[in-house]
Structures are given as structure tokens and as C-alpha cells.
Number of protein chains: 2
Amino acid sequence: MGVTIHDVARAAGVSVASASRALSGRRKVTPEVAERVARAAAELGYQPNAVAKALRDQTTGTIGMVVPGIGNPFFTTIVEAVERELQNSGTDLLLCSSQYSPQVEARRLETLLARRVDGLIISPCDIEASVPAVLDAARRVPLVQLDRYIEGGGADWVGVDDEAGLALAVDHVIAGGARSVVFAGSRLVSSSARLRLSGFERAAARTGVEVLPPLLGEFTLEWGVEAGRVLLDAGRLPDAVVCANDEIAVGLVRSLRFGGRRVPEDVAVVGFDDVGHATMCDPPLSTVRQPVEEMAAEAVRLLGQVKAGDPRPAQRIAIAPRLVVRQTSRPVAAGVPD
Amino acid sequence: MGVTIHDVARAAGVSVASASRALSGRRKVTPEVAERVARAAAELGYQPNAVAKALRDQTTGTIGMVVPGIGNPFFTTIVEAVERELQNSGTDLLLCSSQYSPQVEARRLETLLARRVDGLIISPCDIEASVPAVLDAARRVPLVQLDRYIEGGGADWVGVDDEAGLALAVDHVIAGGARSVVFAGSRLVSSSARLRLSGFERAAARTGVEVLPPLLGEFTLEWGVEAGRVLLDAGRLPDAVVCANDEIAVGLVRSLRFGGRRVPEDVAVVGFDDVGHATMCDPPLSTVRQPVEEMAAEAVRLLGQVKAGDPRPAQRIAIAPRLVVRQTSRPVAAGVPD
DNA sequence: ACCGGTTGGGTAATCGATTACCCGAGTTTC
DNA sequence: GAAACTCGGGTAATCGATTACCCAACCGGT
């Protein structure tokens, strides 16, 4: 395999320089030459070697993206959004999964850097353990964190305003009559996990409702089911459960109904994310919608602006979410029906 | 950015040849030189440029994978399996989505070829429209089709034995007492869609049950819901519905229950795939499990054997699925409880 | 007829890593 | 003691596309 520009040039009876110029159009050639080169290229089925091009102009037309896992629908949604966003700019995406492991994540970053990606978008799997690899990468190429971030603020970030989102959720259930609330989330290993818990606590404290101790596990449906069981076993249910994502919420609803409680009559449940799952489950889930398209667009835009190792202070762009009221909570004026 | 092997060589006071040899270990150098080079490389933070390496040895250590969409959990599952399979061989994966469009698919293949991937794994989105691009790619690099394939058999394929799978499903519902059955699948745009319908029809014909006209739409939950409505509106329900995948089945179950029918008492429902969804839904879904790990392993193994444009006849490897009986069908001895 | 300017094409350097090839020093062998 | 070998190191070619640089031809103006 491999018809090169030399072959094209020879077939067209011109030099490689002329062939290159005819094909790229970056300098004028006579119509005669242009024609002959075009024909030769077509006949030979010439396809430029992107590797050689990348070596020569020190740019690959590629950006790398690293997410914790593609099994999680939130991440696949955001990957698709980034892909769409990149589509028209001609750059394409190298997608990697860190499998929720900082070691794998560091290896993935290494190989992406070795392949000389022009930039990186990453959702670091661990707020602490991911720090060195992410900072090191940020020193070498433009890098933007999306959704999750590392502590210490050494790199730009785009994500949702978790604090605002949790305030929406808490205010909503209280407006619906809840006098006691609990938070079902994830262990505090990621920035999202921490911010959502603290956002919940702050919002709840502000309103003065009774707050039960939070339930912290994983961002999974299984943990939601488990958390529901824990609540049932505790004997006394709160009026509302605010969840850190939709999968937890779906599991929780199932668990509570299995235990004979009605949602939302006995307990209101609100999720977070609103990616696919929420409309599909039964009953449809009230949730806080992440502005995934805007986040992706903003991340790509920002990536175009940052330079590697730029001493400029890191930016943090938090985009406001909105509440989507469906049927696991009592409707009040505040929410947008869907 | 960019400390090269020349910088390392200079810092160590040796030639680039020695530096390269010391680092790769492909030819002996004196311990003295090895030591000095290693120290210099470490101090400068040298990281070899994979682009230059790829250009020089005409191999990128990368394989490309193209799937119709990463929103579909079946494809993300199979991507993860391939990723795991590749992990230890040191090659990494460039993942692309064709977004169910043959045009996008062709473009993605072009850019993967331009980037000189060492091989391709593809699940072609359209059994007819994908033909030219796939055959063209297969002529240039080793290529294996996984799950879906193009008509005409011009390239190797690894997938599930759909015929056997549908036979399992049909025999199972009949053993459970069904006297009439219907198939809920997808329009016949992919090989999977066709094989599952024909597998269903053959199995049903063999047993002689009454067969209602098939319902063909998309491989989505929404279509499952819609198909359920169609059945309800038709006035008379069959005893069993065999679905082309789990998402359709989940939607269908929801729809039927919403319409007041009991599953499996009034209607038995069986899905296909068994990737995540099935255990999560309510009630847990009886389904035919695709051997995803084996399929991925086999695809990677095969990829290592095929050569580009090899005139050897194309292989087709169909792996047997197994039935997993849960609660949307009546248990009989045949199935493996889960 | 001569000169500055423009136009289009060709030659060779460049990107960075690897390695074919060559060379000198030291060792072995008859 | 000289031929034959081994060993380790350096020089430069190589992969393929782009482009800096150079050069010949031609143009119009004086």
C-alpha cells in the first residue's frame, strides 16, 4: 500500500513541489499542471499520508479526549456533543477511556501526547490522584477539563454549575411540601461528587429543612437500588431524596416502589443529568438537566484559545442548568414541564 | 514543546544512533553510554515522537474502530471489550462513530486510513450503502467486521449466530405455551436486522405456531413503546413477542403494561443482546445473550491474521449465544436462570 | 537593448526516529 | 605476525509531504 506524492508527480510529469502545490492550491500553478496532477492523483487513487504531514507541520489535526468510562450514558452523551462540535472544524477526535483508574488515565495521556494531539479534553477520574498527569499534560498542549476537574485549579474547566443545580432541586422539593430531605450521591472521589453534596447541603441549610445524613456510594443504578434499601430499612423515610445523577435516582425509585412506597406521593425523587434515561424510566424522572451541548461547545471554543503552559490564570466556566419537572416530584410553578 | 532524541544525544555526549540504541535496547551499547543516555533522557523529560516513529517504520501501533453510534449500549459494550482485548498488546484504539450514516462512515474510514492505522474493526451501518467504503478499506489494511456486515461477503466477519439465537428464543416461548408469536425488530437496513427476522421466521415455521406479521422500526426503546401500542391497538395480542434487541423489548414491556396487560402472564417477551439494560428493567428481561467478550477476542485475533487485500476467501465466524431466562417469559427447563 | 518585476517550476532542506553501512580498535587464530 | 572477526560507535539515508530558496522565462517601460 502507498501511492505517494512522488508517484503522482512522476505520473503527471512534474516535480513533487508542483504536485503538492496543485493539490493543496497554496500557490498558483498553470491550469495545465493542475489538470495533469488532478488526473494522475485520481487515477492512482492518491491519498496523502497524514503521518508525514503531521511530522512536517507539527500539527495533527487531532484532539484527544479522555473520559472515565463510556459505559456511563452521561459521558457518551458529552462525547457525542464534542464530536458534533468538532465536526465542522475538520479536527477529529481520539477517544480514550480511563476506566475510572488514575493509572490507566496517565497512560492514556502519555500515548495521546506521544501521538502529538493538538489539544486535550479530559474529565479526570479522580480529584486528587489525577493531578500530576493532568498538570503535566497541560504544560505540553492546550488542555480543557470538562465536567470533572482536579483540585488546585491548575487547568481550565468547563462544566455545569452544580451549586445552582442542587439549589434548584432542593428548592423544588421543598416548594412541593417536603419537610425532610436526604442526598443520595457518590463517594467524594470526584469534583462532581463533592460539589453536588456541598451544593445540596448549602441549599438545604439555607431553607432550614430537616436533613438526614447523606448516602454515598457510586454513580450507578445498582447503588441507587442499594440506597433505596438502606432508606427503607431505616424505618423512617424522608419526604424527598435528591440524587447526584439519574442512574442513582432510577435505581432508588425502583427500590422504593418495590418496597411498597409511592413516588412522588410518599417520597419525591429528583435526579441530575437528564441524559436519555430520565424520560425512559417509569415514572418519568424529575431531574436537573445538564446543558451538555453548551458545555461541549464552550470546551471546544476554550481549547482553541488556551496555549500550552500558558501562565494566564486558569478559567472556570460554570454553565447554569435547568430543572425539568416530570413525575417523580410534585409539580410546582417553578419547573419547566417536559 | 519538543525535546528530541538529538537533544538527548547532545546532552549525553553521544550520537543520535547511540542514543536511539541505548533507549530501544535493539543493539548493545556500553553500560557507560546506556547510563549517560538514560540520565539525559530522564533529565530532559524526553518522550519519543510517535509521529516520526510511525513515519519511519510504517506502522502506527493503532487500530481504528468504527461503530454506528456510541449512544447504543450494545456498541459501547463491544467497544469496551475490544479495548480490553487490545490493552495488553500495546496497540491502542481510535474510536469513531458513523452516526448511522454511510457518508459519515466513509469519511471516518478515509481519515483513519490517512492516519495509517494498522487495522480496522468496523460494524457497517448499512448492509448495502456501506459496501464500497468497506471493501475499499479492506483492500488497504487488514479489516474485520464485527457484529454487522456488508452483503456480498467481501471481508471477514465475527459476530453472533443470529439464527441460533432466534431459534433459542422461539423454542423457549413455545415451550412456555405460546401458540402465536410476533417479531418486533428493525427495518432491514443492517445485516443484524435481516438475520434476526429470517432466523425468527425459520424457527417459527419449523415449529408450526401461528405467526403474525412482523413489526419493523428501529433498534430503540421508543420504537419498542410504539410497537407495543400497535399491538394493543390491533385488538388481539399474540402469546409471545420476540424482539430484535433489548431496548425494543424494554419499551414493549412498558407499553404493554401501561395498556393493562401482564407480562409474562398475558404476553411473554424475549429480548436480544443482554447488555446491562436487561437486568435493570422491571421485570428483569428474558433475553438471548451475545457473547461480547468472545466476539471481541475473536475479532482481534482474526485481525492479527488477515492481510490487506488478501485474496484468501473471507471468513465468517458466528459464535453461539445462550438464552438467559428471567421474568418476562415463563421459565422452562431449557434456560439458564440468572 | 536593457532592467526591474512577476510568474511558475524545480531542488533540496525540514520534521524526528530508526537503521544500513562504514570504520577503527581490539581479539582471535593459524 | 597477519588475516579474520567481533564490538561499539558514528554518518547519513530513509519514511512522505511541505516549502524556503533559487532560477529561467517573460513582460512592460524607457
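Within every chain, numbering begins at 1; the chains are lettered A, B, ... in the order of the sequence lines, protein sequences first and strands thereafter. All heavy atoms count here, side chains included; hydrogens, waters and symmetry mates do not.
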Under 4.0 angstrom, heavy atoms only, what part of the nucleic acid is A:V51 near: base, sugar-phosphate, or nothing? nothing
Nearest-nucleotide comparison on DNA chain C, the residue closer to the 5′ end among B:A52 and B:A17: B:A52
Are a donor atom and an acceptor atom from the side chains of A:S191 and A:E151 found within less than 3.5 Å of each other? no
Can you name the closest pair of heavy atoms from B:R115 and A:V51 and give their distance? O-CG2, 3.8 Å
Rounded distance in Å - CZ (A:R26) to C1' (D:dA17): 12 Å
Hey, does the side chain of B:S18 come within less than 4.0 Å of D:dG10's phosphate (OP1/OP2), counting only N and O? yes
I want to verify a distance call: between C:dG9, C:dT18, C:dA17, whose nearest atom is closest to the A:V29 side chain? C:dG9
Nucleotide nearest B:V16 when distance is taken to its side chain, options C:dG8, D:dT18, D:dT11: D:dT11
Do NZ/NE/NH1/NH2 and the carboxylate oxygens of A:E32 and A:R36 come within less than 4.0 Å? yes
Are the side chains of A:R312 and A:D156 in touch, meaning some heavy atoms are under 4.5 Å apart? yes
In whole angstroms, how far is the P atom of C:dT6 from the NZ atom of A:K28? 14 Å
Are A:Q58 and D:dT18 close enough that a side-chain N or O sits under 4.0 Å from OP1 or OP2? no
Side-chain N or O of A:T30 versus OP1/OP2 of C:dG9: is the shortest distance under 4.0 Å? yes
Counting the atoms with a prime plus P, OP1 and OP2 as sugar-phosphate, which does A:V33 contact under 4.0 Å by heavy atoms, base, sugar-phosphate, or nothing? sugar-phosphate
Between C:dG16, C:dG10, C:dT18, which nucleotide has the shortest distance from any of its atoms to the side chain of A:V14? C:dG10
What's the closest nucleotide to the side chain of A:S15 if the choices are C:dT18, C:dT11, D:dG10? C:dT11
Considering only NZ, NE, NH1 and NH2 on the basic side and carboxylate oxygens on the acidic side, decide whether B:R84 and B:E80 come within less than 4.0 Å. no
Between B:I319 and B:P291, the two heavy atoms sitting closest are CG2-CG, 3.5 Å
For atom CG of A:N49 and atom P of D:dT14, their distance in whole Å: 17 Å
Selection: residues 4-12 of chain A, any non-hydrogen atom under 4.0 Å of DNA chain C: none
Are B:S24 and C:dA17 close enough that a side-chain N or O sits under 4.0 Å from OP1 or OP2? no
A:R56 side chain N/O closer than 4.0 Å to the phosphate oxygens (OP1, OP2) of D:dT19? no
Can you see which heavy atom on B:R148 is nearest to which on B:C125, and at what distance? NH1-O, 3.0 Å
Under 3.5 Å side-chain donor-acceptor pair for A:S130 and A:E105: yes
Atom-pair distance (CD on B:Q47; P on C:dA17), nearest Å: 10 Å
With a 4.0 Å limit, can you tell me whether B:S20 has a side-chain N or O closer than that to the phosphate oxygens OP1/OP2 of C:dT18? yes
Grab the CG-P distance between B:L55 and D:dA13 for me, whole Å please. 17 Å
If we count only N and O atoms by modelled type, under 3.5 Å, do the side chains of A:R140 and B:Q47 hold a donor and an acceptor together? yes
A:A137 to A:L143 - nearest heavy-atom pair and separation: CB-CD1, 3.8 Å
Based on the rotation axes of five pairs at each end, what angle does the helix from C:dA1-D:dT30 to C:dC30-D:dG1 bend through, to 10°? 60°
Checking side chain to side chain donor-acceptor pair (under 3.5 Å) for the pair B:T91/B:S89: CA distance, chi angles, key distance, verdict? CA-CA 6 Å; B:T91 58; B:S89 76; 3.1 Å; yes
Base contacts versus sugar-phosphate-only contacts with protein, heavy atoms under 4.0 Å: please encode nucleotides 21-27 of chain D as B, S and - from 5' to 3'. B------
How far apart are the closest heavy atoms of A:V8 and A:A41, and which atoms are they? CG1-N, 4.0 Å
Quick one: is A:Y46 getting a side-chain N or O under 4.0 Å of the D:dG16 phosphate, OP1 or OP2? no
For atom CZ of B:R301, is the number of surrounding heavy atoms from other residues, nucleotides or ligands below 6.0 Å larger than 12? yes
